[in-house]
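Each remark here refers to the structure printed beneath this line.
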Amino acid sequence: MHRNVEDILLKTSKDALKELKVALIIVDYQVDFATGSLAISDRCFVIHCQNGEVVLRLNHARQGTAGDAGEDPVARIPNVNRLLELPFNTIIITKDWHPADHISFLSAARNGDRRLAANSTAEMFGKAYFVQPKREQVLYPDHCVANTHGAELVPEMKVPERAIIVLKGLDTLVDSYSAFMDNEGQGRSELFEVLKREGIDAVVVCGLAYDICVFHTTKDARNLGFYAATVRDASAAFSSAGATEAAKYHIDERIKEMTTDDVELMMKTRDWPEFWLQCAVKEGKINSNNNLMESLKSSS
């Protein structure tokens, strides 16, 4: 496409996209991730042996270790609450909702329904290799066990009545970083169907952790045809390296990184990110339910 034609389409698409439907997705803002067993903060988890038993303790994180990003989820809750007050078409809040013997738990790594490879270790925040079922899995402390306090949403979050709760990570033998599907790309949550039912074109995603579940949710949203943005100051990263990789991916894949102030202005003016407009022009549509090109033709 010639640049002058693209510029015209970008300009006219701003008006054509005024009726874009946008959903807010808040990922896993739960007690265990904020202040509990797997708190995403300036601490990291280390293993000690004490009287022959494995003991989990919290130490100050060192750069380059798991949990070293130094970002406090609790300090970012006010920004989450600001987002919840904005006129999104749909608000979705996801929750990790694990069984007590979930495959991501170090405590369950040697349970009878799974088998580690002979050369695999089982260490906190290390990658374990299972031959039954056949998969790789990072091991964590027990967290977000269904129907426990740690799985509850943080009490400081002002959840509106219209919010839709989507559960993920329910399968004992497979983890689910993304709110759309499990890590094997097979089992799906209800999130896609909810967005489809609500006629959503674009998603704004924030939550915990920025470099893990927020990243995979946003990535899958884009791959499934939604226009996507992440809200950096309403999310907290687990590792500094992971945060850097996520930010680079967002740029490469035209996923807009925004601040809460940016989102407030966007929802007030309905002036969408240029990333979204560029994708709309390139693809010729928002999704199968939105006849963008007809709108572009009528407004040019």
Side-chain angles (χ1 to χ4, degrees), residues 10-30 73 75-95 153-166 179-180 189-208 210 213-214 217-218 220-222 224-236 250 254-280 285-292 294-296 299:
L10 284 173
K11 182 178 179 181
T12 56
S13 65
K14 289 187 177 182
D15 289 333
L17 295 178
K18 289 294 184 184
E19 300 307 314
L20 197 72
K21 287 190 174 182
V22 185
L24 173 67
I25 302 176
I26 299 175
V27 178
D28 300 356
Y29 234 106
Q30 292 163 269
R76 302 187 179 209
I77 294 173
N79 285 340
V80 175
N81 286 333
R82 285 171 61 191
L83 294 173
L84 286 167
E85 294 175 352
L86 299 177
F88 288 98
N89 296 91
T90 303
I91 293 175
I92 296 168
I93 301 175
T94 75
K95 297 171 72 174
L153 297 173
V154 292
E156 298 88 350
M157 189 163 65
K158 299 176 181 177
V159 180
E161 290 185 3
R162 70 187 184 102
I164 300 169
I165 304 297
V166 171
F180 285 97
S189 75
E190 63 178 324
L191 179 55
F192 179 78
E193 292 304 320
V194 170
L195 294 173
K196 184 178 178 181
R197 182 186 71 215
E198 299 290 319
I200 297 301
D201 304 299
V203 296
V204 174
V205 188
C206 68
L208 307 176
Y210 164 79
C213 294
V214 171
T217 298
T218 309
D220 283 347
R222 187 71 194 97
L224 289 167
F226 299 99
Y227 295 87
T230 58
V231 192
R232 191 64 182 89
D233 62 357
S235 307
H250 295 157
R254 299 192 180 281
I255 296 168
K256 180 66 174 176
E257 288 221 344
M258 308 182 77
T259 66
T260 303
D261 287 344
D262 293 335
V263 179
E264 283 185 336
L265 181 62
M266 179 184 76
M267 295 304 296
K268 179 180 179 180
T269 63
R270 301 187 72 78
D271 188 7
W272 310 120
E274 187 169 319
F275 270 5
W276 295 3
L277 303 179
Q278 289 171 343
C279 290
K285 59 182 181 178
I286 293 299
N287 62 31
S288 60
N289 297 321
N290 190 304
N291 194 350
L292 172 63
E294 289 300 318
S295 299
L296 288 176
S299 61

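Fair warning: this is a prediction, and the values are worked out from it, not measured in the lab.
- Side-chain contact between Val80 and Glu156 is absent, with no heavy atoms from C-beta onward closer than 4.5 Å.
- To the nearest 0.5 angstrom, Asp271 atom CG is 7.5 Å from Leu265 atom CG.
- With rounding to the nearest 0.5 Å, the separation of CE in Met266 from CH2 in Trp276 is 4.0 Å.
- Not a single donor-acceptor pair under 3.5 Å links the side chain of Arg232 to the backbone N or O of Tyr210.
- Nearest approach of Pro78 to Ala75, heavy atoms of both residues: CD-O, 3.5 Å.
- Looking only at distances, a side-chain donor or acceptor of Tyr29 sits under 3.5 Å from a matching main-chain atom of Pro73.
- Atoms OG1 and CD1, on Thr218 and Ile255 in that order, are 6.0 Å from each other to the nearest 0.5 Å.
- Using a 4.5 Å heavy-atom cutoff, the side chains of Lys21 and Glu198 are not in contact.
- Looking at every heavy atom in both residues, Ile200 comes nearest to Val22 through CD1-C, 4.1 Å.
- A distance-only check finds no donor-acceptor pair linking the side chain of Thr90 to the backbone of Ala23 [under 3.5 Å].
- Taking all atoms of both residues into account, the shortest heavy-atom contact from Asn79 to Ala234 is CB-CB, 4.1 Å.
- Atoms CD and OG1, on Gln30 and Thr94 in that order, are 7.0 Å from each other to the nearest 0.5 Å.
- Judged purely by atom type and a 3.5 angstrom limit, Arg76 uses its side chain to pair as donor or acceptor with the backbone of Ser235.
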For this session: Under the side chain to side chain contact (heavy atoms under 4.5 Å, CB included) rule, what do Val203 and Ile92 come out as? Steps first, then yes or no, please.
Result: CA-CA 10 Å; Val203 296; Ile92 296 168; over 6 Å; no
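- Nearest heavy-atom pair across Leu86 and Arg162 is O-NH2, 3.8 Å.
- Residues Val27 and Thr217 approach most closely at CG2-OG1, 4.1 Å, considering heavy atoms.
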Problem set entry | Audit row: Leu83, Met267, side chain to side chain contact (heavy atoms under 4.5 Å, CB included) steps and yes/no | CA-CA 10 Å; Leu83 294 173; Met267 295 304 296; over 6 Å; no
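- Val154 is listed as a side-chain neighbour of Ile77, based on a closest heavy-atom distance under 4.5 Å.
- Phe226 and Phe180 have parallel rings, their planes meeting at less than 30° on a 0 to 90° scale where 60° marks the start of perpendicular.
- Ile165 places a side-chain heavy atom less than 4.5 Å from the side chain of Leu153.
- Note: Glu190 CD to Lys196 NZ = 14.5 Å, rounded to the nearest 0.5 Å.
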For this session: Take Leu195 and Leu224 through the test side chain to side chain contact (heavy atoms under 4.5 Å, CB included) and record every step on the way to the result.
Result: CA-CA 11 Å; Leu195 294 173; Leu224 289 167; over 6 Å; no
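- Remark: Lys256 NZ is loosely packed, at most 12 non-hydrogen atoms of other residues, nucleotides or ligands lying under 6.0 Å away.
- Applying the salt bridge (charged side-chain N to carboxylate O under 4.0 Å, His left out) test to Glu264 and every residue at least two apart in sequence or in another chain returns Arg82.
- Summarising the geometry, atom OG1 belonging to Thr260 is positioned 10.5 Å from atom CG belonging to Asn81; distances are rounded to the nearest 0.5 Å.
- Checking side-chain atoms of Arg270 against main-chain N and O of Leu20 turns up a donor-acceptor pair under 3.5 Å.
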